[in-house]
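These notes are about the structure you will find just below.
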Amino acid sequence: MEGNYYMIHDYLIFIGVFAIFFLLTVSIYLFSQNSNFRKKNTRLSEANKIIEQKLNEVQLEHIGTKLNPHLFKNILNSVQSHAYQTYMSLDKLANVLDYILYESNNKFVSPKEELNFALSLIEINKIKINPLFDFRIKSKINKSDAVYEEKVFAPLISVDLIENAFKHTDFLAQDSFISIHLELEDRIFTMKVSNKSSLKNILEKENSGFGSQSLDQRLKMIYSNHYQLEKNSKNGIFTAELKINLGEFYDKMRYSR
């Protein structure tokens, strides 16, 4: 009887050891498989990021090829229609063309370069309006700002808001105006554009097609959650305000390298 007891006892010990060994083996196998799955998921995630980045680059290049000819046409029309200011216009035009031909091919430019371009573009567009027209421009640029000369600004971002203001303004209305405010302070870029629009122009602007869509697409693809673009229309006055936190974006660029 005592022999049977020891046999049962040894058998139970064997079963227990075997169960522990089996569970340990299964655990190691599952852990190994889980580790392999995680490595595969990581590789797939990295591949997806590369594909998404390439897609964004292709989309941005596609947008750029449509944007530049349209901009050239508007600029040349402005210069041609006011021959008496040709010298000044061509001087500004030279700056704009240099920027478009050379700097805009870069993925990023400095706020300094983009702001100089924007001011030249504004001066060219001013040629086609009456000298008595209510045109207001305010520039508050902190040239000692940390990002002023850093490559953090997507080229030609300012084009859409400037072009739309001149394109959709009701120049015949007595209370018509265009107001442009440019600011760079505390590593934040702000551009606010307001203008008096007729009802027809407001409707056209809401369905303005490529220009407006391309700006929204570029901002979303490049700056993600580091920007705000607000547009509103009230009492015939259209206002668009763009804010880009270039500081946060610059920090993200540096830490992701």
Side-chain angles (χ1 to χ4, degrees), residues 56-57 59-76 78-79 88-127 137-166 178 180-193 211 214-224 226-229 240-254 256-257:
N56 285 344
E57 289 176 358
Q59 288 178 325
L60 287 173
E61 288 176 4
H62 180 63
I63 289 171
T65 58
K66 287 190 175 183
L67 177 64
N68 289 353
H70 173 74
L71 180 59
F72 279 133
K73 182 180 178 181
N74 286 345
I75 292 171
L76 290 174
S78 296
V79 174
M88 187 276 287
S89 303
L90 290 178
D91 183 54
K92 297 295 181 183
L93 180 60
N95 295 335
V96 168
L97 293 183
D98 280 344
Y99 186 82
I100 294 173
L101 292 173
Y102 303 111
E103 301 303 331
S104 67
N105 291 326
N106 298 322
K107 190 171 183 179
F108 293 105
V109 297
S110 67
K112 176 183 178 180
E113 292 167 317
E114 178 71 13
L115 287 165
N116 287 338
F117 161 76
L119 291 172
S120 293
L121 185 61
I122 291 168
E123 288 299 319
I124 291 173
N125 277 281
K126 279 175 62 178
I127 296 169
I137 179 167
K138 183 179 180 181
S139 179
K140 184 182 177 183
I141 309 300
N142 182 2
K143 295 183 178 181
S144 63
D145 193 279
V147 297
Y148 181 61
E149 297 191 29
E150 297 292 341
K151 303 293 185 180
V152 292
F153 213 113
L156 304 178
I157 282 291
S158 59
V159 168
D160 188 69
L161 300 184
I162 295 171
E163 289 285 291
N164 278 346
F166 284 94
I178 294 176
I180 300 176
H181 175 73
L182 299 169
E183 182 176 327
L184 178 65
E185 191 69 39
D186 296 328
R187 307 200 304 169
I188 295 176
F189 169 77
T190 303
M191 182 176 187
K192 185 176 181 180
V193 181
S214 67
L215 176 63
D216 294 339
Q217 289 172 8
R218 291 188 74 206
L219 288 168
K220 186 174 182 180
M221 285 190 289
I222 298 170
Y223 292 109
S224 184
H226 299 295
Y227 83 96
Q228 291 179 337
L229 177 61
E241 183 171 7
L242 170 63
K243 285 190 177 184
I244 306 176
N245 194 323
L246 297 173
E248 287 185 359
F249 181 70
Y250 178 59
D251 293 338
K252 178 184 175 182
M253 288 177 63
R254 285 193 301 169
S256 61
R257 288 172 183 171

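Remark: the backbone N or O of L184 is not paired with any side-chain donor or acceptor of Y148 at under 3.5 angstrom.
Distance CG/L161 to NZ/K192: 12.5 Å, rounded to 0.5 Å. Distance check: F166 CZ to K126 NZ gives 8.0 Å after rounding to the nearest 0.5 Å. To the nearest 0.5 Å, the span separating CG on L215 from CG on L156 amounts to 11.0 Å. Rounded to the nearest 0.5 angstrom, I157 CD1 and I162 CD1 are separated by 11.5 Å. For the atom pair M191 CE and E241 CD, the distance stands at 11.5 Å (nearest 0.5 Å). The CG atom of D160 sits 10.0 Å away from the CG atom of L242 when rounded to the nearest 0.5 Å.
Among residues two or more places apart in sequence or in another chain, the side-chain contact (heavy atoms from CB on, under 4.5 Å) test is passed with N142 by S144, D145, E185. Applying the side-chain contact (heavy atoms from CB on, under 4.5 Å) test to E248 and every residue at least two apart in sequence or in another chain returns H226, N245.
The ring-ring contact (aromatic ring centres under 6.0 Å, His included) test with F249 singles out one residue from Y227, F153, F108, and that residue is F108.
Residues I188 and E183 fail the side-chain proximity criterion, which asks for heavy atoms closer than 4.5 Å. Looking at L182 and L119, their side chains come closer than 4.5 Å, going by heavy atoms from C-beta outward. Residues P111 and L246 are in side-chain contact: their nearest non-hydrogen atoms beyond the backbone lie under 4.5 Å apart. Side-chain contact between L115 and F189: present, with at least one pair of heavy atoms (C-beta onward) separated by less than 4.5 Å. No side-chain heavy atom of V152 sits under 4.5 Å from any side-chain heavy atom of I244. The side-chain heavy atoms of V109 and F117, taken from C-beta on, include no pair separated by under 4.5 Å.
Between E114 and S158, the shortest heavy-atom contact is OE2-OG, 2.7 Å. When all heavy atoms of Y250 and R187 are compared, the pair lying nearest together is CD2-NH1, 4.4 Å. S110 and K151 get closest at one heavy-atom pair: N-CD, 4.0 Å.
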*Residue pair L121, E163: steps toward the side chain to side chain contact (heavy atoms under 4.5 Å, CB included) verdict*: CA-CA 9 Å; L121 185 61; E163 289 285 291; 4.1 Å; yes
